[in-house]
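Here, residue 1 is the first one in the sequence, and each next residue gets the next number. All values reported here derive from a predicted model rather than from experimental measurement.
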Amino acid sequence: MSEPTKQEPTATKPEETKDSTAAVDFTKYKTAADIVNNVLKKLVALSVEGAKVFDLCVEGDKLIEQGTGAVYNKSVKGVKVSKGVAFPTSVSVNNTVAHFSPLSSDPSAGQTLAAGDVVKLHLGAHIDGFAAVAAETVVVGAGPTAPVTGRKADVLQAAWTAAEVAQRLVKVGNKNWQVTDAVAKVAAAFDCKPVEGMLSCEQSQNVIDGKKRIILNPSEAQKKEFETVTFAEGEVWGIDILVTTGEDGKARLEESRTSIYQKESTVTYQLKMKTSRAVFSEVQKKAGAFPFNIRWLEDEKRARLGLQEAVQHNLVKPYEVIFTPASTFVAAFHFTIALLPGGPALITHPPVWYKPELVKSEKQLEDAELKELLTKPLRESKKDKKKAKAESQDAKA
C-alpha cells in the first residue's frame, strides 16, 4: 500500500495484446476476486475481540492457497497455470497504515484484537498472473445495535465515500489527478486526510504495480515529479484508498519489522553471498513476480539474512510497515477495476463488513458535484451514452 516496486510488464505472446488483456482474461480476474471475497468473509467473521493478528494473517494466506488450488488445474499446452497469493494477508490495526503481517518470531506476533479496534484486512489472489487485490476495514465488536461513532465513524465513512467516488472517476479519458483531488475533497468533508504518498497502480499479467499511477495527498515535491496519466480502454487498476484522522496525513516508520517483500524484475545483480543466492532462488520459485511474506520461506532467520543483500542492491523491495501518530485511526478500502470496451467493471466485490447502518458519522459530504457523481452508476447505459453524445453535439452547434 505504500510505494511499491517499479516493474516492467512481462513479455506477452505474439497473439496477445494489451488491449485484449482486461476483456479476454476477465474470467481469470473474476475467479481470483471470488476467492478473495470468500477469504475476506471468513477473516471478517474471525476478527473478534481476543483474535491474534498473526493467526488471521496465516489463515488468510492458507485460505487463498486452498482457493486457488481448487481451480485451473488443467495444464495448458503442457504448462501448469500459475496461481496463488498476489498479496500476502496483512492485518493493520488503528494507526498502523498497512503491511502488518508478523512472523511467529517477531515481538509483535502476540498482538490481539480489542473491542473498538479499527482493523484493515488486505490480501490478493491471482490466476495465471491476473490478480485481484482487495482491502476493507472492520471495527471489532460494532454492529447494528452498537454502530461506529465519533472519529472512527468519520474516517471509515470518508474512506468508503472516497472509494465510491474513485470507482466512478477511474474511466477512459479521465486523468489520475482527478482521483487525487476528489479523494482529498471527500476526506476533508469528514475532517480527515488521505495518507500522504499512497499509490494506486495499473495492473497487467504478473504486475500489480505498473508504471501508470495515482498518488494520494502528495507533498509539494511529489506534485512536481509525479507523472500525469490518462486512463485508457483495456487497462486494469488496483485502487488503494487510505484515509486518516491525522491532521496532515503523514505516516512514518516505527519499530516494526518488515515481513512483506517483492522481487524487482527490472534490476539485475549477481548476489555475492551464498545465503543470499539461495534465498533469492527460493523467492523466485515460491512467489514469482508477486509480493511474499518471509513466513513462507523455509528458514525465517536465514531468509532475513539473505534478503539484506538483495534489498541493498534493489533486487527486492520491502513493503514497510508505517504508522500515523498515536491515537489517530486509518481506514482503507482497495478495489480492482477493469476498463472494458463496454465501460468500467469492478473485478473485486463490495466490502463484506461495511454497511451505512454500521457507521454513523455526524459529518457528511456537501460538495454538490461529488454528490451528483455518487448517484450515477459505474457504467453508463447505452441510452445515457447516446443522450450525452447528442447533448455534446448540440453544445458544439
(request) Determine yes or no for a side-chain-to-main-chain donor-acceptor pair under 3.5 angstrom, with Arg257 supplying the side chain and Pro102 the backbone. (result) no
(request) Work out which heavy atom in Pro318 is nearest to a heavy atom in Val311; give both atom names and the distance. (result) CD-CG1, 4.2 Å
(message) With a 3.5 Å distance limit and no angle check, can you tell me whether Thr96 reaches the backbone of Ala98 through a side-chain donor-acceptor pair?
(response) no
(request) Dump the intermediate steps for side-chain contact (heavy atoms from CB on, under 4.5 Å) on Val330 and Asn94, then the final yes or no. (result) CA-CA 6 Å; Val330 176; Asn94 294 331; over 6 Å; no
(message) Looking at every non-hydrogen atom in both residues, tell me the closest pair between Ala331 and Leu156 and how far apart they are.
(response) CB-CA, 3.9 Å
(message) With heavy-atom distances below 4.5 Å as the criterion, would you say the side chains of Asp117 and Val139 are in contact?
(response) no
(message) So, taking the atom named CG in Asp248 and the one named NZ in Lys193, what distance separates them when rounded to the nearest 0.5 Å?
(response) 7.5 Å
(message) Taking Leu199's backbone N and O only, do any of them form a donor-acceptor pair with Arg213's side chain (distance below 3.5 Å, no angle check)?
(response) no
Show me, pair by pair, the donor-acceptor contacts under 3.5 angstrom made by side chains of residues 54-64, not counting sequence neighbours?
{"residue": "Glu59", "atom": "OE1", "partner": "Lys62", "partner atom": "NZ", "Å": "3.3"}
{"residue": "Asp61", "atom": "OD1", "partner": "Thr89", "partner atom": "N", "Å": "2.8"}
{"residue": "Asp61", "atom": "OD1", "partner": "Thr89", "partner atom": "OG1", "Å": "2.8"}
{"residue": "Asp61", "atom": "OD2", "partner": "Arg295", "partner atom": "NH1", "Å": "3.4"}
{"residue": "Asp61", "atom": "OD2", "partner": "Trp296", "partner atom": "NE1", "Å": "3.1"}

(message) Between Glu369 and Lys371, does any side-chain N to carboxylate O distance fall below 4.0 Å?
(response) no
(request) Give a yes or no on whether Lys80 atom NZ has more than 12 heavy-atom contacts from other residues, nucleotides or ligands under 6.0 Å away. (result) no
(message) Tell me whether Lys363 at atom NZ has more than 12 heavy atoms from other residues, nucleotides or ligands lying less than 6.0 Å away.
(response) yes
(request) Would you please say whether a donor-acceptor pair under 3.5 Å links the side chains of Ser361 and Asp154? (result) yes
(message) Checking salt bridge (Lys or Arg N to Asp or Glu O under 4.0 Å) between Lys212 and each of Glu227, Glu235, Glu202, which is the one that passes?
(response) Glu235
(message) Taking the basic N atoms (NZ, or NE/NH1/NH2) and the acidic carboxylate oxygens, is any pair closer than 4.0 Å for Lys317 and Glu264?
(response) no
(message) When you measure from the side chain of Lys355 to the backbone of Val352, do you find a donor-acceptor pair of N or O atoms at a distance under 3.5 Å?
(response) yes
(request) Locate the shortest heavy-atom distance separating Gly249 from Thr244; write the atom from each residue and the value. (result) CA-CG2, 3.7 Å
(request) Report yes if the distance between the aromatic ring centroids of Phe231 and Trp237 is under 6.0 Å, otherwise no. (result) yes
(message) If only side-chain N and O atoms count, and only distance matters, is there a donor-acceptor pair under 3.5 Å linking Glu300 with Ser105?
(response) yes
(message) I need the Ser92 OG to Lys120 NZ distance, nearest 0.5 Å.
(response) 6.0 Å
(request) Could you tell me whether the side chains of Glu164 and Thr161 share a donor-acceptor contact shorter than 3.5 Å? (result) no
(request) Run the numbers on Asn95 and Thr324 for side chain to side chain donor-acceptor pair (under 3.5 Å), then give the verdict. (result) CA-CA 5 Å; Asn95 67 319; Thr324 54; 4.7 Å; no
(message) Taking the ring of Phe26 and the ring of Phe130, is the distance between their centroids below 6.0 Å?
(response) no
(message) Please report the interatomic distance CG(Leu169) to CG(Asp181), rounded to the nearest 0.5 Å.
(response) 10.0 Å
(request) Output, in order, the C-alpha distance, side-chain angles, deciding distance and verdict of side-chain contact (heavy atoms from CB on, under 4.5 Å) for Glu320 and Leu253. (result) CA-CA 8 Å; Glu320 291 170 325; Leu253 290 167; 3.6 Å; yes
(message) With heavy-atom distances below 4.5 Å as the criterion, would you say the side chains of Lys171 and Leu378 are in contact?
(response) no
(request) Using the salt bridge (charged side-chain N to carboxylate O under 4.0 Å, His left out) rule, collect all pairs that involve residues 124-136, keeping only residues at least two apart or in two chains. (result) Lys28-Asp128
(request) Indicate yes or no: at least one non-hydrogen side-chain atom of Pro144 is less than 4.5 angstrom from one of Leu358. (result) yes
(message) Counting C-beta onward and ignoring hydrogens, is there a side-chain heavy-atom pair between His126 and Ser82 closer than 4.5 Å?
(response) yes
(request) Mark yes when over 12 heavy atoms from residues, nucleotides or ligands other than Lys272 sit less than 6.0 Å from its NZ; otherwise mark no. (result) yes
(message) Main chain of Phe329, side chain of Thr245: is a donor-acceptor contact present, judged purely on distance under 3.5 Å?
(response) yes
(request) May I ask you to decide if Leu271's main-chain N or O and Arg277's side chain share a donor-acceptor pair within less than 3.5 Å? (result) yes
(request) Output the rest of the hydrophobic cluster of Leu305: all Ile, Leu, Val, Met, Phe, Trp and Tyr residues reachable through side-chain heavy-atom contacts under 4.5 Å, sorted by chain and number. (result) Met273
(request) Mind listing the closest non-hydrogen atom pair of Glu65 and Gly84 along with its distance? (result) OE1-CA, 4.1 Å
(message) Please tell me whether Asn73 and Lys83 have a donor and an acceptor in their side chains that are separated by less than 3.5 angstrom.
(response) yes
(request) Measure the spacing between CD1 of Ile337 and CD of Gln167 and express it to the nearest 0.5 Å. (result) 6.0 Å
(request) Check salt bridge (Lys or Arg N to Asp or Glu O under 4.0 Å) between Lys175 and all other residues, then give those that pass, not counting sequence neighbours. (result) none
(request) For the residue pair His99 and Tyr319, confirm or rule out a side-chain donor-acceptor distance under 3.5 Å. (result) no
(request) Any pair with a residue in residues 176-211 that passes ring pair (Phe, Tyr, Trp, His ring centres under 6.0 Å), sequence neighbours left out, goes on the list, sorted by first then second residue, please. (result) Trp177-Phe226
(request) Check whether any side-chain heavy atom of Phe280 lies under 4.5 Å from a side-chain heavy atom of Val316, and answer yes or no. (result) yes
(request) Please report the shortest heavy-atom distance between Met198 and Leu242, naming the atom on each side. (result) CG-CD1, 3.7 Å
(request) Check for a donor-acceptor pair, side chain of Lys185 on one end and backbone N or O of Leu370 on the other, with a separation under 3.5 Å. (result) no
(request) Kindly give the heavy-atom pair with the smallest separation between Ala163 and Phe335, and that separation in Å. (result) O-CE2, 3.6 Å
(message) Looking at Glu247, I want to see if its CD is surrounded by more than 12 non-hydrogen atoms of other residues, nucleotides or ligands under 6.0 Å.
(response) no
(message) Is there a side-chain contact between Glu362 and Thr149 in this structure, where contact means two heavy atoms from C-beta onward sitting under 4.5 Å apart?
(response) no
(request) Verify, without hydrogens or angle tests, whether Ser281 (side chain) and Ala278 (backbone) share a donor-acceptor contact under 3.5 angstrom. (result) no
(message) Can you confirm whether Thr348 sits close enough to Asn37 that some side-chain heavy atom of one is under 4.5 Å from a side-chain heavy atom of the other?
(response) no
(request) Scan side-chain atoms only and decide if Gln178 and Thr180 contain a donor-acceptor pair under the 3.5 Å cut-off. (result) no
(request) Might you confirm whether atom CD of Glu357 has over 12 heavy atoms from other residues, nucleotides or ligands at distances under 6.0 Å? (result) yes
(message) Nearest 0.5 angstrom please: Ile239 CD1 to Ser200 OG, how far?
(response) 4.5 Å
(message) Would you compute the distance between atom CG of Leu40 and atom NZ of Lys42 and round it to the nearest 0.5 angstrom?
(response) 11.5 Å
(message) Treating Ser90 as the side-chain partner and Ser101 as the backbone partner, does any N or O pair qualify as donor plus acceptor under 3.5 Å?
(response) no
Can you list, pair by pair, the side-chain donor-acceptor contacts under 3.5 Å of residues 107-114, counting residues two or more places apart and other chains?
none

(message) I'd like to know if the side chain of Asp106 reaches the main chain of Leu103, judged simply by a donor and an acceptor atom lying under 3.5 Å from each other, with no hydrogens or angles considered.
(response) yes
(message) Measuring only between side-chain heavy atoms, which start at C-beta, is Leu365 closer than 4.5 Å to Gln157?
(response) no
(request) Check the angle between the aromatic planes of Phe87 and His122 and answer parallel, tilted or perpendicular using the 30° and 60° thresholds. (result) parallel
(message) Less than 4.0 angstrom from a charged side-chain N to a carboxylate O is my criterion; do Arg302 and Glu282 meet it?
(response) yes
